[in-house]
Amino acid sequence: MPDRAPQPVDRQLPTDEARDLISLVRDIAQHEIAPKAAEEEGAGHFPREVFTLLSRTGLLGLPYASEHGGADQPYEVYLQVLEELAAARLTVGLGVSVHTLSSYALATYGTKEQRVEHLPAMLGGGLLGAYCLSEPSSGSDAASLRTRAVLDGDDWVITGIKAWITHGGVADFYTVMARTGEEGPRGITAFLVPADAEGVSAAAPEKKMGMKGSPTAQVHFDGVRVPDSRRIGEEGQGFAIALSALDSGRLGIAACAIGVAQAALDEAVGYATGRQQFGRPIADFQGLRFMLADMATQIEAGRALYLAAARLRDAGRPFAKQAAMAKLHCTDTAMKVTVDAVQVLGGYGYTADFPAERYMREAKVLQIVEGTNQIQRMVIARHLAGPETR
């Protein structure tokens, strides 16, 4: 069956620098990421060497200030980089998104001294981050978290368990939300915790349906001492910091979802134009042509939605509602498109010899992470109709 190489996405980019950046990312994706993706995902191999390369080439700090090791890129550009990476391998695209999320609190709410001390290594010094909000008993209800930090002299002593942590056990630093005061959202504070601090440990990675190369694990904090200089923001401000970070993080998930969907569409088109049945390519049959057309339309709509939200963010305008809409629509699109891609490939789509089944398994988690799609609907509805009455 002849191969039909996928055509690169025709992107609207604001500058020549952004176009050069996308070209660099595509080169890395084509030569360093995609060729190993299937084998390494099957083996559960975490590609730390890829993240080292991305750090060295400046791709782990794209939306942050250059004075601290970032690249001063707008979210409109950064998200399209994520999409390209996720299309090559979701473990990498989502990993960059999580690292960016993990750096957000310090980059946005940290003091000048904290940013100077920590950000260069976080953004371009080879370090990899993880974001610690969820716990075994608090997922969607994140404000009920139980991990506690108690002030002891000039140190905070952190004790508790975080759950479902991407990069748990392989990260170099953890952005941790812990309770320092009253119950509820006002009693939570954010901390920057080095992974090698005494008392930090990770459980065995979860055994997952997909993204097997990306470790997801509980992280345990057993009396971990952290100096007050690693507290981010004010005491009690942590939950507001967490929600602010998630607004931006949801855009990262949306972009990753479109990347996976685009990869699935490319696979489906390549197969349908090369596979012969009844003496002609199956792409000639109207049922499949319409399916491919719907898949492409959903992807373009999702891309436009996440970029519209990103442009609001770049302009300094409120974007939380649009971020929730983008996360909801793009991840639902990824799920539908990947299921349809498996259908286009028929029996071959159900085998590990083709990547369609991997895309389908990976797409599912995107409807869950960084706020389930049911939570996104609640967020959108609150913007439309106000808070729920109690």
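Residues Ala202 and Gly169 come closest through the heavy atom pair CB-CA, 3.5 Å. Shortest non-hydrogen contact noted between Lys162 and Glu135 is NZ-OE2, 2.9 Å. Gly69 and Leu123 make their closest contact through O-CB, 3.8 Å (heavy atoms, listed as atom of the first residue, atom of the second, distance). Closest of all the heavy-atom pairs between Ala203 and Ala217 is O-CB, 3.6 Å.
Within 6.0 Å of CD in Gln114 there are more than 12 heavy atoms belonging to other residues, nucleotides or ligands. Enclosure of atom CD in Glu388 by more than 12 non-hydrogen atoms of other residues, nucleotides or ligands within 6.0 angstrom is indicated. Atom CD of Glu206 has more than 12 neighbouring heavy atoms from other residues, nucleotides or ligands inside a 6.0 Å radius. The environment of CZ in Arg146 is sparse: at most 12 heavy-atom neighbours from other residues, nucleotides or ligands sit within 6.0 Å. The number of heavy atoms from other shown groups lying within 6.0 Å of CG (Asp154) does not exceed 12. Heavy-atom neighbours of Arg19 CZ from other residues, nucleotides or ligands within 6.0 Å: above the threshold of 12.
A donor-acceptor pair is defined here as one N or O able to donate and one able to accept, closer than 3.5 Å; no such pair exists between the side chain of Glu32 and the backbone of Ala29. Under the 3.5 Å distance criterion, the side-chain polar atoms of Thr333 are matched with a main-chain donor or acceptor of His329. Judged purely by atom type and a 3.5 angstrom limit, Asp314 uses its side chain to pair as donor or acceptor with the backbone of Glu76. One N or O on the side chain of Lys327 and one on the backbone of Leu366 form a donor-acceptor pair closer than 3.5 Å. Under a 3.5 Å cut-off, the side chain of Ser144 and the backbone N or O of Asp141 do form a donor-acceptor pair. In this structure, the side chain of Arg115 engages the main chain of Gly110 through a donor-acceptor pair within 3.5 Å. Put simply, the side chain of Ser55 gets close to the backbone of Gly126: a donor and an acceptor are under 3.5 Å apart. For the pair Gln30 (side chain) and Ala88 (backbone), a donor-acceptor distance under 3.5 Å is absent. With hydrogens and angles disregarded, a donor-acceptor distance shorter than 3.5 Å links the side chain of Lys208 to the backbone of Met211. Panel note: side chain Arg230, backbone Phe191; no donor-acceptor pair is recorded below 3.5 Å.
In the model, Thr297 has no side-chain atom that pairs as donor or acceptor with a side-chain atom of Asp294 under 3.5 Å. Between the side chains of Glu83 and Tyr306, at least one donor N or O sits under 3.5 Å from an acceptor N or O. Judged by distance alone, the side chains of Arg303 and Gln262 do bring a donor and an acceptor atom under 3.5 Å apart. Defined by atom type and a distance below 3.5 Å, a donor-acceptor pair is missing between the side-chain atoms of Ser201 and Asp222.
Under the 4.5 Å side-chain contact rule for hydrophobic residues, Leu192 and Leu128 do not share a cluster. Leu328 and Met335 fall into different hydrophobic clusters, where Ile, Leu, Val, Met, Phe, Trp and Tyr side chains are chained together by heavy-atom contacts under 4.5 Å.
Taking 4.0 Å as the cut-off between side-chain N and carboxylate O, Glu84 and Arg26 count as a salt-bridged pair. Contact check on Arg250 versus Glu370 returns no salt bridge, with no Lys/Arg side-chain nitrogen under 4.0 Å from an Asp/Glu carboxylate oxygen. Between Arg231 and Asp228 there is a salt bridge, since at least one side-chain N of the basic residue sits less than 4.0 Å from a carboxylate O of the acidic one. A salt bridge is absent between Lys336 and Asp332: the closest approach of a Lys/Arg side-chain nitrogen to an acidic carboxylate oxygen does not fall below 4.0 angstrom. Ion pairing of Asp152 with Arg225 is present here, as a side-chain N (NZ or NE/NH1/NH2) and a carboxylate O approach within less than 4.0 Å. Ion pairing between a basic and an acidic side chain is recognised when a charged N comes within 4.0 Å of a carboxylate O; Asp172 and Arg48 show such pairing.
To the nearest 0.5 Å, atom NE2 of residue His45 and atom CD of residue Glu40 are 4.0 Å apart. Rounding to the nearest 0.5 Å gives a distance of 5.5 Å between OG of Ser97 and CG of Leu82. Atom OG of residue Ser248 and atom OH of residue Tyr75 lie 4.0 Å apart, to the nearest 0.5 angstrom. Taking CZ of Arg179 as the start and OG1 of Thr159 as the end, the distance is 14.5 Å to the nearest 0.5 Å. Between atom CD of residue Gln80 and atom CD1 of residue Ile22 there is a gap of 5.5 Å, rounded to the nearest 0.5 Å. Taking CD of Glu362 as the reference point, atom OG1 of Thr91 lies at 6.0 Å (rounded to 0.5 Å).
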For this session: May I have the step-by-step check of side-chain hydrogen bond (donor to acceptor under 3.5 Å, both in side chains) for Ser244 and Tyr104, ending in yes or no?
Result: CA-CA 9 Å; Ser244 178; Tyr104 175 92; 2.5 Å; yes
For this session: May I have the step-by-step check of side chain to side chain contact (heavy atoms under 4.5 Å, CB included) for Leu59 and Leu21, ending in yes or no?
Result: CA-CA 9 Å; Leu59 297 178; Leu21 177 62; 3.5 Å; yes
Problem set entry | Stepwise side-chain hydrogen bond (donor to acceptor under 3.5 Å, both in side chains) test for Asp20 and Ser23 | CA-CA 5 Å; Asp20 291 341; Ser23 294; 5.3 Å; no
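Between Thr180 and Trp156 the shortest side-chain heavy-atom distance falls below 4.5 Å. Counting heavy atoms from C-beta on, the side chains of Met291 and Arg289 never come closer than 4.5 Å. A heavy-atom distance below 4.5 Å is not found between the side chains of Thr216 and Ile165.
With sequence neighbours excluded, the residues forming a side-chain hydrogen bond (donor to acceptor under 3.5 Å, both in side chains) with Glu17 are Gln73, listed by chain and number.
None of Arg89, Arg358, Arg361, Lys212 except one satisfies the side chain to side chain donor-acceptor pair (under 3.5 Å) rule with Glu41; the exception is Arg89. A ring-ring contact (aromatic ring centres under 6.0 Å, His included) with His167 holds for exactly one of Phe173, Tyr131, Tyr174, Phe51; it is Phe51.
Geometrically, Arg280 engages Phe285 in a cation-pi contact defined by less than 6.0 Å to the ring centre and at most 45° from the axis.
Ring geometry for Tyr271 versus Tyr348: interplanar angle of 30 to 60°, hence tilted.
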